[in-house]
Amino acid sequence: MKDKPQKCALAVVVLAAGQGKRMAAAHPDKPKVLVPIGGAPFIVHILSSVEKSKVADRLVLVVGHMAEKIKSTLGNKYEYLVQEERLGTGHAVMIAEGLLKSGCENVMVLYGDHPFVKPETLRRLREMHLSGKSAVTMLTAAPKDFNDWRASFYDFGRIVRNEHGEVTRLVEKKDATDEERAIREVNLGMYVFRGDWLWPHLQKLERNNAQKEYYLTDLIKMATTEGAGLTTIPCDPREGVGMNTTEQVAAVEKILKDL
């Protein structure tokens with residue numbers, strides 16, 4: 001692996017530690033991110049987009065379940081961190097602090113099971129964030145409905161805006177009113193954080209939820225509450241599809257040719 005520069009404008013952290021319990025029966029020998037779609041594992045698609053986009057001054061993979069299999073499959077051109085105890089998305093980013101805090105000004109968070117984000121979208125995300133002063137820049141999508149392959153978006157958090165179009169809060173589906181659940185703009189969970197804001201706010205995350213995990217979405221609530229600056233960038237809903245079940249993989253295979 002080549003030596004990395006001491007300073008970087010933006011590091012990309014790809015979260016790839018999950019087991020994928022709902023896919024384990026069909027793929028018992030693979031961690032979730034190595035399940036194939038369109039002829040390659042999920043994570044290969046997103047890593048290819050990151051590399052083509054040239055947005056990453058550093059590229060870090062957070063692995064956990066079957067970590068050695070992921071490393072042997074992908075090779076040694078990436079930096080790896082192992083999330084031994086998997087306590088949520090917030091915790092996964094926490095363990096990157098020691099590696100990135102002193103050297104990287106901004107951190108982009110992506111997911112190994114969201115394979116379809118395009119290089120040009122990642123470039124827009126980087127450019128919008130670096131050109132502004134927001135603590136957080138995030139991708140959103142507004143599917144036309146929650147049917148067919150778009151059904152998984154129904155469980156995503158909704159973006160609530162005021163009359164000026166400004167984001168006032170992010171509401172999770174389980175906490176949303178019927179009116180809020182009808183909102184079609186959803187949070188895709190892919191962000192760029194300003195490092196000087198991210199690291200101290202990660203320390204404020206709590207595990208007071210049913211899963212006892214640290215959630216990155218709580219950072220969005222902090223940013224809106226504090227008025228720290230939150231910028232949203234819309235993208236094609238197809239780019240935001242995540243893979244959670246074998247049924248979703250089968251459904252999404254059908255739309256791959258249009259991506």
Side-chain angles (χ1 to χ4, degrees), residues 10-18 20 22 32-33 42-43 45-47 49-50 55 60-62 64 83 86-96 106-118 121-122 124-126 128-129 134-143 146 149-160 167 169-176 180-181 183-194 197-198 201-202 205 209 211 213-224 230-245 248 252:
L10 186 143
V12 173
V13 177
V14 179
L15 307 188
R22 285 179 282 180
K32 183 180 183 181
V33 296
F42 298 160
I43 196 168
H45 290 282
I46 185 63
L47 291 176
S49 282
V50 172
V55 298
V60 179
L61 276 58
V62 179
Q83 187 181 15
R86 293 182 286 283
L87 299 176
T89 53
H91 178 252
V93 179
M94 284 178 192
I95 68 172
N106 302 278
V107 178
M108 180 184 290
V109 179
L110 304 173
Y111 300 88
D113 60 355
H114 282 63
F116 304 126
V117 186
K118 295 180 179 179
T121 299
L122 295 177
R124 281 196 300 126
L125 185 58
R126 175 187 164 113
M128 181 69 77
H129 184 78
S134 293
V136 188
T137 304
M138 60 187 285
L139 284 182
T140 71
F146 297 113
W149 60 268
R150 298 172 295 276
S152 62
F153 290 126
Y154 187 69
D155 293 324
F156 285 29
R158 304 304 200 274
I159 305 295
V160 180
V167 177
R169 61 197 179 96
L170 168 67
V171 59
E172 300 301 329
K173 190 202 77 171
K174 62 181 175 59
D175 301 319
E180 289 166 340
R181 286 178 185 156
I183 295 172
R184 291 186 297 107
E185 187 181 16
V186 297
N187 171 28
L188 297 182
M190 290 175 270
Y191 314 103
V192 184
F193 298 97
R194 223 177 52 232
W197 186 90
L198 171 64
H201 283 78
L202 277 175
L205 294 182
N209 52 69
Q211 285 71 35
E213 294 182 347
Y214 299 102
Y215 292 137
L216 280 179
T217 48
D218 289 343
L219 294 180
I220 307 308
K221 297 171 186 175
M222 291 180 195
T224 55
L230 174 65
T231 300
T232 61
I233 297 178
C235 73
D236 186 326
R238 292 173 297 182
E239 295 183 62
V241 172
M243 301 288 99
N244 290 310
T245 66
Q248 285 177 346
V252 172

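One-based numbering along the sequence shown.
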(request) Please work out whether the ring planes of W149 and F153 are parallel, tilted or perpendicular, with thresholds of 30° and 60°. (result) perpendicular

(request) To the nearest 0.5 angstrom, please state how far the CG atom of D113 sits from the NE2 atom of H45. (result) 12.5 Å

(request) Could you pull out all residues at least two apart from A17 that satisfy side chain to side chain contact (heavy atoms under 4.5 Å, CB included)? (result) Q83, R86

(request) Look up atom CE in M108 and atom CE in M138, then write down how far apart they are to the nearest 0.5 Å. (result) 13.5 Å

(message) Do Y191 and V93 make a side-chain contact, defined as non-hydrogen atoms from C-beta onward lying under 4.5 Å apart?
(response) no

(message) For N106, give me all partners under side chain to side chain contact (heavy atoms under 4.5 Å, CB included), at least two apart in sequence or on another chain.
(response) L10, H129, L130, V192, R194

(message) Test your reading of the model: is there a side-chain donor-acceptor pair from K118 to the backbone of C235, 3.5 Å cut-off?
(response) no

(message) Take a 6.0 Å sphere around CE of M222 and say whether it holds more than 12 heavy atoms from other residues, nucleotides or ligands.
(response) yes

(message) Quick one, I220 and V136 - any side-chain contact, counting heavy atoms below 4.5 Å?
(response) yes

(message) To the nearest 0.5 Å, what is the distance between CG on L205 and CG on L87?
(response) 12.0 Å

(request) Can you label the angle between the H114 ring and the Y111 ring as parallel, tilted or perpendicular, going by 30° and 60°? (result) tilted

(message) Under the rule for salt bridge (Lys or Arg N to Asp or Glu O under 4.0 Å), what residues qualify as partners of E180, not counting sequence neighbours?
(response) R169

(request) Quick one: closest heavy-atom pair of A16 and I43, and the distance? (result) CB-CD1, 3.7 Å

(request) Tell me, with the steps shown, if D236 and F116 meet side-chain contact (heavy atoms from CB on, under 4.5 Å). (result) CA-CA 10 Å; D236 186 326; F116 304 126; over 6 Å; no

(message) Show the nearest heavy-atom pair for residues A141 and P237, with the distance to one decimal.
(response) CB-CA, 3.8 Å

(message) Tell me whether the rings of H91 and Y214 are parallel (<30°), tilted (30 to 60°) or perpendicular (>60°).
(response) parallel

(request) Over all heavy atoms of both residues, which pair between P234 and R124 is shortest? Give the atoms and the distance, please. (result) O-NH2, 3.0 Å

(message) Quick check for you: to the nearest 0.5 Å, what is the distance between I46 atom CD1 and M190 atom CE?
(response) 7.0 Å

(request) Kindly say whether R181 contributes a backbone atom to a donor-acceptor pair with the side chain of R158 at under 3.5 angstrom? (result) yes

(message) What verdict does the side-chain contact (heavy atoms from CB on, under 4.5 Å) test give for V186 and F146, after you've listed the backbone C-alpha separation in whole Å, the side-chain angles of each residue and the deciding distance to 0.1 Å?
(response) CA-CA 11 Å; V186 297; F146 297 113; 4.3 Å; yes

(message) Among T231, T232, T140, which residue satisfies the side chain to side chain contact (heavy atoms under 4.5 Å, CB included) criterion with V167?
(response) T232

(message) Quick check: closest heavy atoms across L139 and N187, and the distance to 0.1 Å?
(response) O-OD1, 4.0 Å

(message) Taking the side chain as everything from C-beta on, heavy atoms only, tell me whether L122 gets closer than 4.5 Å to V12.
(response) no

(request) Apply side-chain contact (heavy atoms from CB on, under 4.5 Å) to the pair L61 and L47, showing each step before the final yes or no. (result) CA-CA 10 Å; L61 276 58; L47 291 176; 3.9 Å; yes

(request) Using modelled atom types only, decide if a donor and an acceptor are shared between the side chain of R126 and the backbone of V55 within a distance under 3.5 Å. (result) yes

(message) How long is the straight-line distance from CG of L15 back to CG of L216, given to the nearest 0.5 Å?
(response) 7.0 Å

(message) For the CG atom of L230 and the CG atom of L219, what is their distance to the nearest 0.5 Å?
(response) 11.0 Å

